[in-house]
**Q** 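First the structure, then my questions, so here it is.
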Amino acid sequence: MIQITFPDGAQRSYSKGSSAIDIAKSISEGLARKVLAAEVDGEIIDAMRPINNDAHLKLLTWDDKGGKSTFWHSSAHLLAEAIESIFPGTKFGIGPAIDNGFYYDIDLGGAAFGEEEIAKIEKKMKELAGQKNQYLRKEVAKTDAIEYFTQKEDPYKIELLEGLEDGKITFYSQGAFTDLCRGPHIPNTGFIKAIKLTNIAGAYWRGNEKNKMLTRVYGITYPSQKELDDYLLLLEEAKKRDHRKLGKELELFTFSEKVGSGLPLWLPKGAMLRERLQQFLQKAQIESGYLPVITPHIGSKQLYVTSGHWDKYGKDSFRPITTPNEGEEFMLKPMNCPHHCEIYKSSPRSYKDLPLRLAEFGTVYRYEQSGELHGLTRVRGFTQDDAHLFCRPEQVKEEFKKVIDLVMYVFTSLDFHDFTAQISLRDQEDRSKYIGSEENWLIAENSIIEAAAEKGLNTVVEYGEAAFYGPKLDFMVKDALGRSWQLGTIQVDYNLPERFELEYVDADNTKKRPVMIHRAPFGSMERFTAVLLEHCAGNFPVWLAPEQVKVLPISDKFGDYALEVVKLLKAADIRASVDDRQEKIGKKIRDTELMKTPYMLIVGEKEMNEQKVAVRKHGEGDQGVMLNTEFVIFLTNIIKEQTAGTKN
RNA sequence: GCCACUUUAGCUCAGAUGGUAGAGCAACUGAUUCGUAAUCAGUAGGUCAGCGGUUCAAGUCCGCUUAUCGGCUCCA
């Protein structure tokens, strides 16, 4: 008999060799039907595998991350089986589960897949799933495994095998398909009820750009059609909210081939939105003791030689520009910190001056590979909401806490309530690649961990993810569709103070080196705008909306009154204009609704005579009539309320 | 940078198999002066992304380039 311990701590005895499915059956048949895999002492294995020793057992279902990934991994095998049956001779690379579904990399030997092939494969997968074929695990000797794939002429599998240790090699088969695989897998293909192949793309073999480009087929599967439909609906919604689409529709920004790719042009409405965001943050920063500074868009190449960036990124940057006569070289600034270091150095600093917080909405230029550009989220010219905090080592923790406060304040003000923080620390094995003293690193790493804990942040610690110059904390926010974005970042830096020889005079009259903290709550105005746009689907809160109110006269007889109302609104700092086109009111309302303007004021004879406005709210419709002065107070209050949490 | 798809009017898109371009919306003009998501009519607008090639003839076929898009790789 073996002793099985369940996650809730309960213990039960089973006969040796019972599988997770057997154990699930002893609890309930319904549960047994849902079990996809089992986590035994922390390791995920097939639900059908016999358990021979006392163990902690967690039954994994669709609701567990491990269950989902097992399900999708098995689906990848099903995809491969379908491809092999329709296109014999296809060579297979790897086929893992990913966050949303799975893929399989295949070599078609020069052929290409189109819609037709995809539809065929999908159909075949459904057919094979219906056969409820079991996923059978088999341990094989390395030589036999190599022999198998040599016969099959599958060079990629042989390459994978060469990197594996004999004695630990397993094959999984379902139906007519056998694959080299560590597993685990779901019991049989019958669990896979809904299948959708989503995408085809090229991908390098083993992710190396020197290797051959394989065809990657992406797909997603679910245990029910309903769940697949929900997912497809979500994809559709995401498409509707795509910031590139909304940016065009709402006239926020554009790109021009003539100006150059990756160089966004902010249109008036987009610029207004960005200004509002900037003012909002600027105000909060000034209240938190930041000092705004301004630096030029270029800097001597020497500056970046000093900072070390020339060495590290010089060849991947825009080439330096040179002066015509003297041949001096200048770089378009790829970052603001070296300039800020020089501001720090512009005057001797005392320990009493620290922390010194220099802030700048600094526009930087980076040469991004052409294939990387994407809407506003990946561009070649962008503005960081940058600041550098120069402080004494023992102030790092306190400063970190303050920055965390600021970042959380920014996020919640903009209606992002679901976020986690990733703490990136040094590689625990190899510390040679980091600069800065062990002592300082320990202070910084502990400061971050403690600061995050004291602020009650939901954190994940990643070892080996720290920058070479210091540990960092990145904020990941979830948007309204549940998608994760990396936004704000806080980074400790020992490198630049060293390289720029920054100093302060301490209380004991000795010169000391300050620590520098880089931080950007938005990350960049471009990227943040994109994320915000997708988060709120273009329906900005009134305080941010580029245009807050549109006044719609019923006919142009009431145009003058409409102008009067706009004047009243503008006097109260409300962004408003009149739709004075000779269109019917229905048309004006429709167009304004499509522009997602938060409020419409419809004015006709009745309103004009009584100094009133008929209020219509975007997405909600008629709100009734009120005095125009009343509306100004009404809206001003709403804006005040929306920014109440904010320091606006 | 690499692979695949795409590039037609301001926008969204039609234009089998080669025979010198079309719709809706937007714009402009006129009529209409209107009560909560599209008034009617007319006009104008395109060297079919650019360059080169094949052909009697290219939006259509073939190269190269630009940009977009989906991935890969990269991201101070």
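Residue numbers start from 1 in every chain, and the chains themselves are labelled A, B, ... in the order their sequence lines are given, proteins ahead of strands.
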**Q** Please state the C1' separation for the pair B:C48 and B:U7 - nearest whole angstrom.
**A** 10 Å

**Q** Does A:Gln623 reach a base, just sugar-phosphate, or nothing at all? Heavy atoms under 4.0 Å.
**A**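 No contact at all - A:Gln623 keeps every heavy atom at 4.0 Å or more from the nucleic acid.
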
**Q** For each nucleotide in nucleotides 70-76 of chain B, reading 5' to 3', give B when a protein heavy atom comes within less than 4.0 Å of its base, S when such contact involves only the sugar-phosphate, and - otherwise.
**A** BBBBBBB

**Q** Should stems be defined as at least three consecutive Watson-Crick or G-U pairs with both distances under 3.5 angstrom, which of them involve RNA chain B?
**A**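 For RNA chain B the paired stretches long enough to count as stems (3 pairs minimum) are B:1-3 with B:70-72, B:10-13 with B:22-25, B:27-31 with B:39-43, B:49-53 with B:61-65.
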
**Q** Taking atom P in both B:U55 and B:A49, compute the distance separating them and give it to the nearest angstrom.
**A** 23 Å

**Q** Nearest whole angstrom, please: distance from the C1' of B:A26 to the NZ of A:Lys588.
**A** 17 Å

**Q** Give me the distance, rounded to whole Å, that separates B:A76 from B:U17 when you measure between the P atoms they each carry.
**A** 48 Å

**Q** Using whole Å, what does the distance between atom P of nucleotide B:U12 and atom CG of A:Leu594 come to?
**A**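 The distance from CG of A:Leu594 to P of B:U12 comes to 15 Å, rounded to the nearest Å.
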
**Q** In whole Å, measure the gap between the P atoms of B:A14 and B:C74 for me.
**A** 36 Å

**Q** What is the distance from CZ of A:Arg590 to C1' of B:A37, rounded to the nearest Å?
**A**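 It is 6 Å, rounded to the nearest whole Å.
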
**Q** Which nucleotide sits closest to the side chain of A:Lys587: B:A26, B:A67, B:C11?
**A**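 Selected nucleotide: B:A26.
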
**Q** Whole Å only: how far is the CE atom of A:Met595 from the C1' atom of B:C25?
**A** 15 Å

**Q** Of all the choices, B:A38, B:U39, B:A67, which nucleotide is nearest to the side chain of A:Ser261 once you look at every atom?
**A** B:A67

**Q** Using atom C1' of each nucleotide, how far apart are B:C64 and B:U54 to the nearest Å?
**A**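 Here B:C64 and B:U54 have their C1' atoms 15 Å from each other.
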
**Q** Distance criterion of 3.5 Å, no angle test: do you see the side chain of A:Arg581 paired donor-to-acceptor with the base of B:A27?
**A**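 Donor-acceptor pair under 3.5 Å: no.
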
**Q** The side chain of A:Ile589 lies closest to which of these nucleotides: B:U39, B:A37, B:U33?
**A** B:A37

